[in-house]
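Structure first, commentary second.
A, B, ... follow the sequence lines: proteins, then strands. Residue 1 opens every chain. Since the model is a prediction, treat every value here as computed from it, not as a measurement.
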Amino acid sequence: MGYDFQAVETKWQKMWEERKSFEVETDPGKPKFYCLEMFPYPSGALHMGHIRNYSMGDMLARFLRKKGWNVLYPMGFDAFGMPAENAAIKYKTKPHDWTWQNIEYMTNQSKRMGYSYDWRRRVETCNPNYYRWNQWIFLQMYKKGLVYRKSAPVNWCETCGTVLANEQVVNGGCWRCETPVVKKNLEQWFIKITDYAQELLDNIDSKLTGWPERVRIMQRNWIGRSEGARLSFRVDALDYTIEAFTTRFDTVYGITFIALAPEHELVKAMLDKLPREETARMSEFVARCAAQSSIERSDAGGEKLGFKTPFTGAHPVTGEPVPIWIANYILMDYGTGAIMGVPAHDQRDFDFCRKYGIPIIPVIQPEGETLDGATMTAAFEGDGLSCNSGQFDGLPTQKAIPAMIDWGEKKGLCKREVNFRLRDWLISRQRYWGTPIPFVHCPRCGVVPVPEEQLPVLLPEDVTVVDVGRSPLLDLPEWLETACPVCGGKARREAETMDTFFCSSWYFERYCSPGFDKAPFKTGDTDYWMPVDQYIGGIEHACLHLIYARFFTMFLSDIGLLKPGVREPFTNLLTQGMVIKDGAKMSKSLGNVVDPTEIVDKYGADTVRLFILFASPPQNDLDWSEQGVEGAHRFLNRVWRFVEDNLESLTQNGSERVAMSDLSDSVQRDFKRKIHSTIFSVTRDIDEEKQFNTAIARLMELTNALYAFHPAEPVGYRLRREAVDVLLNCLSPFSPHIVEELWQMLGNETLLAQTPWPVPEKDALAADVVTIVVQVNGKVRAKLSMPAGLDETRLKSAVMDDAQVKEKIAGKEIVKVIAVPDKLVNVVVKG
RNA sequence: GCCGGGAUGGCGGAAUGGCAUACGCGCGGGUUUCAAAAACCCGUGGCCGCAAGGCCGUGUGGGUUCAAGUCCCACUCCCGGCACCA
C-alpha cells in the first residue's frame, strides 16, 4: 500500500551517511546547540519509550540545524550493570559479549529510524577508553577529600552467601531461595555529594529555569534542607554527650524523653555497663528492630516500639534528668540518630508517649484553646503562643524559634545547624560488570589509590559468571593479586565496582571529544559545547541521575576541567511521558509490548516517528494505537500522492515565490496566508511551545488546503509549488526520508536536511477579512465578515448598523457595547 | 499525611479571559468497483424541532467578569513524587 517506504528510507539513510551530513566539529565561529537524549542501557533492543525519546530529539536536532545552528547530537550506551550478569548466566555467555552484541544491534535499530546522530562520537561506558576516566575522576575526588569509606548495611542472603540488590529482595526474602534477607555491615565507598547540597539547592531557583517545575520541586524535596539547632544531653553515668537536631528549638521546655536509634553508638556502650539480664533484654529489642525491613521501619502507620533504658541525660536548659529510650522510629541516617522527645508537639512522639505512659507537657498554646497534657488526643504541631517556657512565655511561634535559638547560642546550650535529607552517595557495588574502583588493599599501607599513570585498572573480560551474587573477580587471583603502589609488597586489588550512575554522570562531556586520551575530555571542546542546551528523557531520573550529573559538573568545574561559568550541565530539560497500551505501561510482564521493529517493517520509520510525536504532547503519557499509526501513514501517503500526481505541473512551475502584493484573488490570498501562517505556527510550536503534536496538526491542515486549492492560472500553480516546498520543508524534521525523496523528485539537487527552515512573509500573515463574532449578553447570535483592522469605534458602528444584529436586539434597551477589534462585539441589553 | 500535576465528544487531544471540541482516530452515509481493499466526498457533543432555530454542555458547588475550559474559593476523583526527616 502506498509508496515504497523501504526503498526510500534505505536510500536516504545511505545518502546521509555517505555525505556525512550529520557530522559536526567544534567551531567557535558558529552558534552552537547541544541536543541530548538520555542514553540507553543496552538491554537487547530499543523499546517504544526509547523511540519516543529519540524521535523528539532527532526532530529538534534536524529543526535546529535547518535554523542555522551548529548542532551536536550524539548517542551512546550506558553499558555497565547487573542485567548483563544475569543474561550471561541465562544464555551461557559473557557480560562483555552480550553487551557489545546489544550495542551493535541497537545502533542498527537507531540507524533504521533515520536518527541524525554523529555516530563517530558514540560512547560506550564499558569501553576501557571511557571507564579509565571514571577511575581518573574518582581519584580526583579522592584527592579533594570527597571520597571516604564507611561501614554501611547491605542486603545479605545467608543461604547464598551473597549481597542482594534492593530489587532482588522479594517480600523480605531472597529472590531465589526465599531465605529472609538480613542486613549486614560492609565497609563501603562513599562520595560526599552533601558538600554540594547547598549549591545543588540554590541553583534550582537561579539556574534551572528551563526545567519543568515538577522536577525542580522533586529535587528540592529530595535535597530536603531544614534549618534548626543542635543541642546536647549530658549523660554523666556513661561519660557521653548525646547530640540531637531539632527544627523546633522553641519546644525545648516540652522535652519529656530522649530517644536513640537502635543503631546508635551509645546503645553499644550501654550494653557494656548493664547487668547481664538487662543486657539480654536490650539486645533482644535491638535485634527485633534490626529484623524489621527498612520499609516497615519507615512506614508512618507502623507500630512504634520502645525500650526504656535505666539512664538519663541532663535537660539542656533546666539540667533536670530526662529518661533515655531506644525507639524503632528513630533513623540512624538522618540527623544524629537521636532526638529530643516533645510529645505535645510532635505526633510521632505523642503516639510513643501515649503507648508507654510518658508524660506530655504542652509548651505552645493554640489561639483560643488551652491544651492539657493529660487530655490531649493529638499533638499540636501548628503555631501558637509559648507557655511553660520561662522568659519566652507568650511569644508567638515564628518569633519564639529565632529568639530562643539566639538565646541558646549565647548561653552555649545549642548551635544553629542546617540539615539535609540528601545522603552521601554510596558508590561501591559488590558486582563484576562495572568500573573497577582504582584502589589497592595493602596489609602494611592500608587502602591506597592506584597511581594515575597505571590507569585504567582493566576489568577482565574473559570470565564466566556463575552466580549473580558473587563477583567472578574474587576468583581471579591473577587479577586480584598485585603489588602495593606505595611499598611494592604483596597487595590485593579492590574487587568492588562503581555504581553505574557514576558512568552516566559525565558522558555528555565525553561526547564533546570522544577519542581524547589525555583527559576525560578536551577543555576547548567542552568550553564550546557545554552546557547541554536541550536534554530529553524520562521523569524517572528526576532525582538520582539528574542530581548526580549536576554534582559532577560542579566538581569538574571546581577542578578547572570545565570553565568556571559552567556549574549546571543541562539548561533546558524536557521530560517525556510513558508509552501506554491498554491502560498500562508497556511491559513484558503485562504482555502489552509493541516491538518497534515490527511496526517499522510494516509502516516505515517516517510513519512511526510521525505518529509518536502526533499522538500526544511530549510530557503526557502516550496511548499506543495501531489505528493511529495507520492514520499517520495515511497522511504521508496523501503527501506522496499529491506530489506524484501533480509532478509535471509542480516541476514546470519554478519555486520563485509570488508576493502577497501581487495577488488580488481572495482564494489565492487566503491560500498564500495559509502557507505562511503554517510556517509561523509550526516554528512556534516546535521552538517555543515544544508542542510537536499541534505542529503536525498544522501540517495536516496545510495538506488539506493543498488538496482543496484548484489552481487555474500560472500564479495559482506557482502558489501551489510554494505550498509544497513549505510542506516538505516543515515536515522534514518529523519524517525525513519521504520528504527527501519528494524533494529530489521535484528536481532539487540539495538535501532537504540541509535546506534552511522557511521564514514566513510578514504581509502574508495579516488577514484582509475577519469574522466578527456578535454576542448578545454573552451568547453568540451572529457572525459577520468585516474588513480587518477596524478600530473599536468603527467596529461598533459597523456591527450595530447590521440588519441581522438590529433584528436580534429589536425592542431592547442597550446597556453597553464591548468591542474587541478583529474579534468580537458583545451587546449587553436589558428587557 | 505532605508536595506537585490533572479531569474537555465514543477515543488521543486543540483552544494569548473572546466562535468550546482544531488535527487525527473511530463511527454513519455516499462515490468508485462484478465485489472487496485502497482512495475520495459528506456528516458526526446532547436534547427539542419537518425546518428555521432554540436550549443545555469542558469533574462538582459557589464567586469575579460584558464574557470563564481558562481567573478566585471550596470539594470529589485520578496520576506522580516524598513519607516516622526530628
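- Residue A:Asn419 is classed as having no contact, given no heavy-atom separation below 4.0 Å to the nucleic acid.
- Atom CG of A:Asn777 is separated from atom C1' of B:rG18 by 15 Å (rounded to the nearest Å).
- Heavy-atom neighbours of A:Arg288 CZ from other residues, nucleotides or ligands within 6.0 Å: at or below the threshold of 12.
- Across the protein-nucleic acid pair, A:Arg214 atom CZ and B:rC79 atom C1' stand 9 Å apart, rounded to whole Å.
- Within 4.0 Å of A:Asp346, counting heavy atoms only, lies no atom of the nucleic acid at all.
- In this entry the distance linking CD1 of A:Ile539 with P of B:rC82 reads 11 Å, nearest Å.
- Base pairing of B:rC2 is made with B:rG81, judged by Watson-Crick or G-U wobble geometry with both donor-acceptor distances under 3.5 Å.
- Between A:Asn704 and B:rG24 there is a side-chain polar atom (N or O) within less than 4.0 angstrom of OP1 or OP2.
- Using atom C1' as the reference point in both B:rG13 and B:rG26, the two lie 14 Å apart (nearest Å).
- Between A:Lys779 and B:rG57 there is no side-chain polar atom (N or O) within less than 4.0 angstrom of OP1 or OP2.
- Contacts of A:Leu824 with the nucleic acid, taken as non-hydrogen atoms under 4.0 Å apart, include base atoms.
- Within the nucleic acid shown, A:Asp621 comes within 4.0 Å of sugar-phosphate atoms alone, with no base atom in reach, counting heavy atoms only.
- A salt bridge links A:Glu409 to A:Arg416: at least one charged side-chain nitrogen sits closer than 4.0 Å to a carboxylate oxygen.
- Listed nucleotides B:rC19, B:rC23, B:rG13 differ in distance to A:Glu701; the shortest reach to its side chain belongs to B:rC23.
- A salt bridge between A:Asp346 and A:Arg248 is absent, with no side-chain N of the basic residue lying under 4.0 Å from a carboxylate O of the acidic one.
- Among the nucleotides B:rA83, B:rG13, B:rG18, the one closest to any side-chain atom of A:Ile818 is B:rG18.
- If you check B:rC50 for Watson-Crick or wobble pairing at under 3.5 angstrom, you find it has no partner at all.
- Nucleotides B:rG57 and B:rC34, compared at atom C1', are 48 Å apart to the nearest Å.
- In this entry the distance linking CZ of A:Phe692 with C1' of B:rA22 reads 19 Å, nearest Å.
- Rounded to a whole angstrom, the distance from the C1' atom of B:rC41 to that of B:rG4 is 48 Å.
- Across all strands shown, B:rC23 forms a Watson-Crick or G-U wobble pair, both distances under 3.5 Å, with B:rG12.
- Of the nucleotides present, none pairs with B:rG17 by Watson-Crick or G-U wobble criteria with both distances under 3.5 Å.
- As a whole-Å value, the separation of A:Trp624 CH2 from B:rG13 P is 15 Å.
- Within the nucleic acid shown, A:Ser625 has no heavy atom closer than 4.0 Å to any nucleic acid atom.
- Nearest nucleotide to the A:Val820 side chain, out of B:rG18, B:rA86, B:rA14: B:rG18.
- Straight-line distance from the CZ atom of A:Arg638 to the P atom of B:rC25: 9 Å, rounded to whole Å.
- Residue-level contact check: A:Glu213 touches neither bases nor backbone, having no heavy atom under 4.0 Å from any strand.
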(Q) Run A:Asp768 and A:Arg673 through salt bridge (Lys or Arg N to Asp or Glu O under 4.0 Å) and show every step you take. (A) CA-CA 10 Å; A:Asp768 305 331; A:Arg673 252 190 302 269; 3.2 Å; yes
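- Of the possible donor and acceptor atoms, none in the side chain of A:Arg609 sits under 3.5 Å from a partner among the backbone N and O of A:Ile51.
- For the P atom pair drawn from B:rG45 and B:rG9, the interatomic distance equals 13 Å after rounding to whole Å.
- Remark: B:rA7 base-pairs with B:rU76; criterion is Watson-Crick or G-U wobble with both hydrogen-bond distances under 3.5 Å.
- A:Asn620 comes within 4.0 angstrom of sugar-phosphate atoms only, judged by non-hydrogen atoms across all strands, and of no base.
- Comparing B:rC19, B:rG54, B:rC66 against the side chain of A:Lys808 picks out B:rG54 as the nearest.
- Note: A:Gln775 CD to A:Lys808 NZ = 13.5 Å, rounded to the nearest 0.5 Å.
- Distance A:Leu610 CG to B:rC25 P: 12 Å, rounded to the nearest Å.
- Judged by distance alone, the side chains of A:Asp424 and A:Thr194 do bring a donor and an acceptor atom under 3.5 Å apart.
- The nearest whole Å value for the distance from the CE atom in A:Met340 to the P atom in B:rC85 is 14 Å.
- Using atom P as the reference point in both B:rG53 and B:rU58, the two lie 24 Å apart (nearest Å).
- Neither OP1 nor OP2 of B:rC19 sits under 4.0 Å from any side-chain N or O of A:Arg781.
- Picking from B:rC66, B:rC23, B:rC40 the nucleotide with the shortest atom distance to the side chain of A:Arg641 gives B:rC40.
- Look at the C1' atom in both B:rG6 and B:rG12: the space between them is 16 Å, to the nearest Å.
- The gap from the C1' atom of B:rG49 to that of B:rC42 amounts to 23 Å, rounded to the nearest Å.
- For A:Asp685 and A:Lys690, the salt-bridge test fails: no basic side-chain N is under 4.0 Å from an acidic carboxylate O.
- Of the side-chain N and O atoms in A:Arg684, none sit less than 4.0 angstrom from OP1 or OP2 of B:rU16.
- The side chain of A:Lys816 places an N or O atom within less than 4.0 Å of a non-bridging phosphate oxygen (OP1 or OP2) of B:rC66.
- Nucleic acid contact class of A:Gly224 (heavy atoms, under 4.0 Å, all strands): none.
- A salt bridge is absent between A:Arg641 and A:Glu644: the closest approach of a Lys/Arg side-chain nitrogen to an acidic carboxylate oxygen does not fall below 4.0 angstrom.
- Closest to the side chain of A:Arg634, out of B:rG81, B:rG26, B:rC23, is B:rG26.
- Heavy atoms of A:Arg225 sit nowhere under 4.0 angstrom from any nucleic acid atom.
- Among B:rC23, B:rA67, B:rC85, the nucleotide with an atom closest to any side-chain atom of A:Met700 is B:rC23.
- With both pairing distances under 3.5 Å, B:rA39 is matched to B:rU31 as a Watson-Crick or G-U wobble pair.
- Residue-level contact check: A:Val828 touches the backbone only, with heavy atoms under 4.0 Å from sugar-phosphate atoms and none from bases.
- Residue A:Phe614 has its side chain nearest to B:rG12 when only B:rC85, B:rG12, B:rG18 are considered.
- Nucleotides B:rC77 and B:rC71, compared at atom C1', are 23 Å apart to the nearest Å.
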